[in-house]
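Sequence positions, counted from 1, serve as the residue numbers for this chain.
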Amino acid sequence: MSRSLKRVRAALEASGVAHELREMPDSTRTAQQAADAVGCALDQIAKSIIVEGEESGTLSLFVTAGGNRVCTDRIAKLLGEPTHLASGNRIQEVTGFAIGGVSPIGHTTPIRAFFDPRLGMFDTVWAAAGTPCHVFGIAPEALRMACGGEMADFVET
C-alpha cells in the first residue's frame, strides 16, 4: 500500500466517519474517469483543485463537484489575492499527493480548504484516495468536516 493511500486511510479512520474505500481497475485521474469507474453522476465526484496565492505563495484547496469549474475571480476575492493553479511539483511538496490522486484529506501539511455547496445535494460523494486508482465514498458533510472546508461560492456560473 502506498504512503499516500495510508495517509488517506488514517485520516478517514481518525475522523470516525462512515466511508467506503475502493480500488479501481483503471485510472480515476479525471472526474469523468472517476464517475465512470464508480458508476455515479459526474457531480458526485469531489475533485480537489489546489491554487497558489500569487503574492503569498500559500496553497489553498477547493473541493468542488466534478462537473464544476472554479472561478478565478471568486477565488481571488475569497483569498484576498490573485491566484493560479498550483504546479504538480508544488502540490506534491505541500500535500504529499501527485496530480491525479490528490485527496481532500490526509495532506502532509494542512492547508485551508473551501467546499462547494453543490456536493451537499448527494447522499454520497467520491473523492481521490491518494492514488490514481483509489477513491472513497463519504457523506458530503462528513467530507467537509474531515477536510475542514468552509462552505463558499467559488465556481463559474
Side-chain angles (χ1 to χ4, degrees), residues 1-12 14-15 21-38 42-119 125-138 140 143-157:
M1 181 184 309
S2 76
R3 288 182 302 213
S4 295
L5 180 58
K6 284 180 185 176
R7 278 197 326 276
V8 172
R9 176 179 265 167
L12 286 166
S15 72
L21 186 62
R22 289 190 191 173
E23 181 175 5
M24 298 296 164
D26 296 314
S27 175
T28 56
R29 285 182 184 273
T30 69
Q32 187 62 62
Q33 287 173 331
D36 292 345
V38 171
L42 178 60
D43 278 351
Q44 279 182 272
I45 301 301
K47 65 182 179 183
S48 296
I49 307 296
I50 299 186
V51 302
E52 183 172 18
E54 303 244 338
E55 298 156 7
S56 68
T58 301
L59 297 192
S60 299
L61 167 68
F62 289 82
V63 182
T64 188
N68 283 346
R69 294 179 54 102
V70 297
C71 175
T72 56
D73 289 340
R74 289 181 177 179
I75 287 175
K77 187 173 182 179
L78 276 171
L79 297 178
E81 69 177 313
T83 64
H84 58 268
L85 290 176
S87 70
N89 287 340
R90 185 84 167 104
I91 290 169
Q92 190 157 18
E93 170 189 313
V94 174
T95 70
F97 297 119
I99 297 294
V102 178
S103 178
I105 62 172
H107 299 169
T108 53
T109 306
I111 63 175
R112 187 174 182 193
F114 296 88
F115 202 81
D116 181 358
R118 169 86 175 114
L119 293 167
V125 294
W126 295 86
T131 80
C133 294
H134 289 87
V135 294
F136 64 95
I138 189 169
L143 178 59
R144 187 187 72 75
M145 297 292 286
C147 73
E150 303 170 42
M151 285 289 199
D153 181 15
F154 55 83
V155 298
E156 292 181 353
T157 54

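No more than 12 heavy-atom neighbours from other residues, nucleotides or ligands sit within 6.0 angstrom of CE on M145.
R3 pairs by the side chain to side chain donor-acceptor pair (under 3.5 Å) definition with nothing, not counting sequence neighbours.
Once rounded to the nearest 0.5 Å, the distance linking CE of M24 with NE2 of H134 reads 9.5 Å. Considering CG of D73 and CZ of F154, their distance stands at 14.5 Å, rounded to 0.5 Å. We find the CG-CH2 distance between L119 and W126 to be 14.0 Å, quoted to the nearest 0.5 Å. Distance CG/D43 to CG/D116: 8.0 Å, rounded to 0.5 Å. Atom CD1 of I49 sits about 13.0 Å away from atom OG of S60, to the nearest 0.5 Å. To the nearest 0.5 Å, atom CG of residue D26 and atom SG of residue C133 are 7.5 Å apart.
Proximity of a side-chain donor or acceptor of S48 to a complementary backbone N or O of V63 within less than 3.5 Å is not detected. Within the 3.5 Å criterion, the main-chain N or O of G149 finds a donor-acceptor partner in the side chain of R144. In this structure a side-chain-to-backbone donor-acceptor pair under 3.5 Å is present from E81 to S56. Without hydrogens or angle criteria, R7 side chain to G96 main chain gives a donor-acceptor distance under 3.5 Å. With K47 contributing its side chain and G66 its backbone, the two residues share a donor-acceptor pair below 3.5 Å.
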Can you list the steps and then say if R118 with V155 is a side-chain contact (heavy atoms from CB on, under 4.5 Å)?
-> CA-CA 10 Å; R118 169 86 175 114; V155 298; over 6 Å; no

Full working for side-chain contact (heavy atoms from CB on, under 4.5 Å) between R112 and L79 = CA-CA 10 Å; R112 187 174 182 193; L79 297 178; 4.1 Å; yes

Take E150 and L78, measure what side-chain contact (heavy atoms from CB on, under 4.5 Å) needs, and give me the verdict at the end.
-> CA-CA 11 Å; E150 303 170 42; L78 276 171; over 6 Å; no

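For the pair T95 and T109, the minimum side-chain heavy-atom distance is 4.5 Å or more. Q32 is not listed as a side-chain neighbour of I45, based on a closest heavy-atom distance of 4.5 Å or more. Side-chain atoms of I105 and F136, non-hydrogen and from C-beta on, do get closer than 4.5 Å to each other. Side-chain contact between T157 and R74 is present, with at least one heavy-atom pair separated by less than 4.5 Å. The side-chain heavy atoms of T28 and V38, taken from C-beta on, include no pair separated by under 4.5 Å.
A parallel orientation is assigned to the rings of F62 and F114, their planes being inclined by less than 30° (bins at 30° and 60°).
Residues V94 and I111 approach most closely at CG1-CG2, 3.7 Å, considering heavy atoms. Summarising the geometry of L143 relative to A46, their closest heavy-atom pair is CD2-CB, 3.8 Å, with the distance given to 0.1 Å. Between V8 and G130, the shortest heavy-atom contact is CG2-N, 3.9 Å. Nearest heavy atoms, I99 versus R29: O-NH1, 3.1 Å. Closest non-hydrogen pair, A152 versus P117, comes out as O-CD, 3.2 Å. Closest approach of A146 to S15, counting heavy atoms only: CB-CB, 4.3 Å.
With hydrogens and angles left out, the side-chain atoms of N89 and E93 include no donor and acceptor closer than 3.5 Å.
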